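Here the structure is laid out as structure tokens; the discussion comes afterwards.
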Amino acid sequence: MEMVKTRIRKNDIVQVVSGRGSGKMKADSGQDRGKRGKVLEVDKVKGRAKVQGLKMVFRHLKQSKDPQKPGGGRIEKEAPIALANLMLVCPKCDEPTRIGIRLEKQEREGGKVKTRRIRVCKKCGADILDRD
Ligand SMILES: [Zn+2]
């Protein structure tokens with residue numbers, strides 16, 4: 001299965017921007033453009049992410065037959081947003097930014113060198129660490 005390349009990860013703070021895509025993807029950014037939220041999950045296969053509090057949709061609940069619990073009604077849930085419409089917000093400069101990758105070599109016991117890929121803000125150059 002083809003996976004979408006993205007540098008956005010779970011627990012990142014992202015901002016909704018107008019998408020590069022057309023049609024359906026553009027419609028995605030609509031009402032939440034400029035808003036921020038925390039990434040709840042990333043679906044690399046579909047190229048979408050759910051962001052806390054953004055693109056809320058109503059899910060209707062079944063009416064309960066139990067008279068004690070009238071139930072029914074609706075709950076709000078996050079719907080996935082196209083990754084093309086999301087930009088990572090740099091924790092340092094607090095701006096939505098493009099992400100670069102910095103390679104950091106770490107020497108380990110036995111002289112082995114391991115290379116870590118660290119995300120960096122293209123605006124201020126700060127490291128953007130994963131928050132898990
Ligand atoms: Zn920055």
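The shown structure was predicted, so the numbers you read here are calculated from the model rather than taken from an experiment. Just follow the structure's listing: the first ligand is 1, and inside any ligand the first atom is 1.
Closest heavy-atom contact between I128 and C121: CD1-N, 3.8 Å.
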Checking salt bridge (charged side-chain N to carboxylate O under 4.0 Å, His left out) for the pair D12/R119: CA distance, chi angles, key distance, verdict? CA-CA 12 Å; D12 281 340; R119 298 182 298 169; 2.9 Å; yes
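A donor-acceptor pair is defined here as one N or O able to donate and one able to accept, closer than 3.5 Å; such a pair exists between the side chain of R7 and the backbone of I99. Judged by distance alone, the side chain of D32 and the main-chain N or O of K55 form a donor-acceptor pair under 3.5 Å.
Near-neighbour remark for the Zn ion (ligand 1): protein N, O or S atoms under 2.8 Å are C90 SG, C93 SG, C121 SG, C124 SG; waters not counted.
Residue R98 qualifies as open at atom CZ: its count of foreign heavy atoms under 6.0 Å is 12 or below. Within 6.0 Å of atom NZ in K77, 12 or fewer heavy atoms from other residues, nucleotides or ligands are found, so the atom counts as exposed in its surroundings.
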